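Everything quoted here is computed from the prediction, not taken from an experiment. So you know, we letter chains A, B, ... as the sequences are listed, proteins then strands, and number each from 1.
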Number of protein chains: 2
Amino acid sequence: MKPIEILHQYQLKRTSCREGILSVIINHNEALSENEIRDQLESHYDRTTFYRAFKTLIESKIVHKIVVDNQLVKYALDNHITQKKEHAHFYCEACHAVLCLETTPLPKPNLPNGFQANNFEYVIKGLCKKCSPKA
Amino acid sequence: MKPIEILHQYQLKRTSCREGILSVIINHNEALSENEIRDQLESHYDRTTFYRAFKTLIESKIVHKIVVDNQLVKYALDNHITQKKEHAHFYCEACHAVLCLETTPLPKPNLPNGFQANNFEYVIKGLCKKCSPKA
DNA sequence: TAATCTATTGCAACATTGATGCATTTGTTA
DNA sequence: TAACAAATGCATCAATGTTGCAATAGATTA
């Protein structure tokens, strides 16, 4: 699962910005913020370029946006690529990590009559194992 | 459940801004955005005043913030006041309404060992009854 | 390999939102 | 009603989202 192959598969031009973003995301287990990704890249890209690269990757469904808060957004590979099922995300309020809860399937509440769901965004906030006080 | 009583109960000063915000929220079944609330008020308040009023109401757990998206936040009365149980929210992608799904309890996925949850934020996006194409 | 076309980049610019300091005003309590 | 503490309005700044446009880079074809 290499960045270049993904970009080619989704018919996007191979630019170093997109390639860099993808390789950082692929090499991390947890979802990362725009700044966390930027910090891992060697080259500098304009803020707009970065912004549009994410927009493109999301529109192509390569990358998935996880909204922790209106002030904190993280990015991870989309289920289309990872072949994961829909899942909830865990946000650690101490270390601010965002993890995919892949092992537990996403529970779906019943909707009122006539309602139609397209998308489920479930974020569970708390403390991860590392940040939980030891017993 | 009157604004003045709520403010008094939570030991907050009765200011017209807080009172106005609360009365708008109380009189609507759906969660409203800051602008939707502002539009319902007769008096004008400075942006900062509005911002701080929400901050105070949230800190006192009178109002609950529902983050639909990093660009769209809505507000509703907190469960402490409505005596509702924890519930998911439905966001209609067509009319942008946010509704509480009170009737269905919030399903809680199992967490990995050592993880501790404080808060569950479940937003289901789709089309509400009014906006769903008729069969 | 070079020429060409199109998409992407970087920059300027603007809107929105979150946030803080401070002097003035208001609500509450004695 | 006086006095104090809290809230307001204004100025200001940071971060983020967004668009237009000229310059540049990637991909395709001759």
Under a 3.5 Å cutoff, is there a donor and acceptor pairing between the side chains of [X] and [Y]?
| X | Y | answer |
| --- | --- | --- |
| A:N118 | B:E93 | yes |
| A:N35 | A:S33 | no |
| B:H96 | B:Y91 | yes |

Rounded to whole Å, please give me the gap between [atom1] in [X] and [atom2] in [N].
| X | N | atom1 | atom2 | answer |
| --- | --- | --- | --- | --- |
| A:I58 | D:dG17 | CD1 | C1' | 12 Å |
| B:L7 | D:dA6 | CG | P | 16 Å |
| A:D69 | C:dG18 | CG | C1' | 11 Å |
| A:Q71 | C:dT17 | CD | P | 11 Å |
| A:E34 | D:dA14 | CD | P | 18 Å |
| B:I4 | C:dT28 | CD1 | C1' | 14 Å |
| A:E19 | D:dG26 | CD | C1' | 12 Å |
| B:L72 | C:dT17 | CG | P | 10 Å |

Short side-chain N/O contact to [N] OP1/OP2 from [X], under 4.0 Å:
| X | N | result |
| --- | --- | --- |
| A:K55 | D:dT16 | no |
| B:Y51 | C:dA19 | yes |
| A:N70 | C:dT17 | no |

On a heavy-atom basis, which atom in A:A117 and which in A:L111 lie closest, and how many Å separate them?
CB-CD1, 3.5 Å

Honestly, is B:K125 close enough over A:F120, meaning NZ or CZ under 6.0 Å from the six-membered ring centre and within 45° of the axis?
no

Does NZ or CZ of A:R38 come closer than 6.0 Å to the centre of the six-membered ring of A:F50, within 45° of the ring's axis?
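A:R38 over A:F50 ring: yes.
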
Working to the nearest 0.5 angstrom, can you tell me the gap between B:H80 NE2 and B:K61 NZ?
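With rounding to 0.5 Å, NE2 (B:H80) is 5.0 Å from NZ (B:K61).
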
Output one letter per nucleotide in nucleotides 2-14 of chain C: B when a protein non-hydrogen atom lies under 4.0 Å from the base, S when only the sugar-phosphate is that close, - when neither is.
----BBSBBBBB-

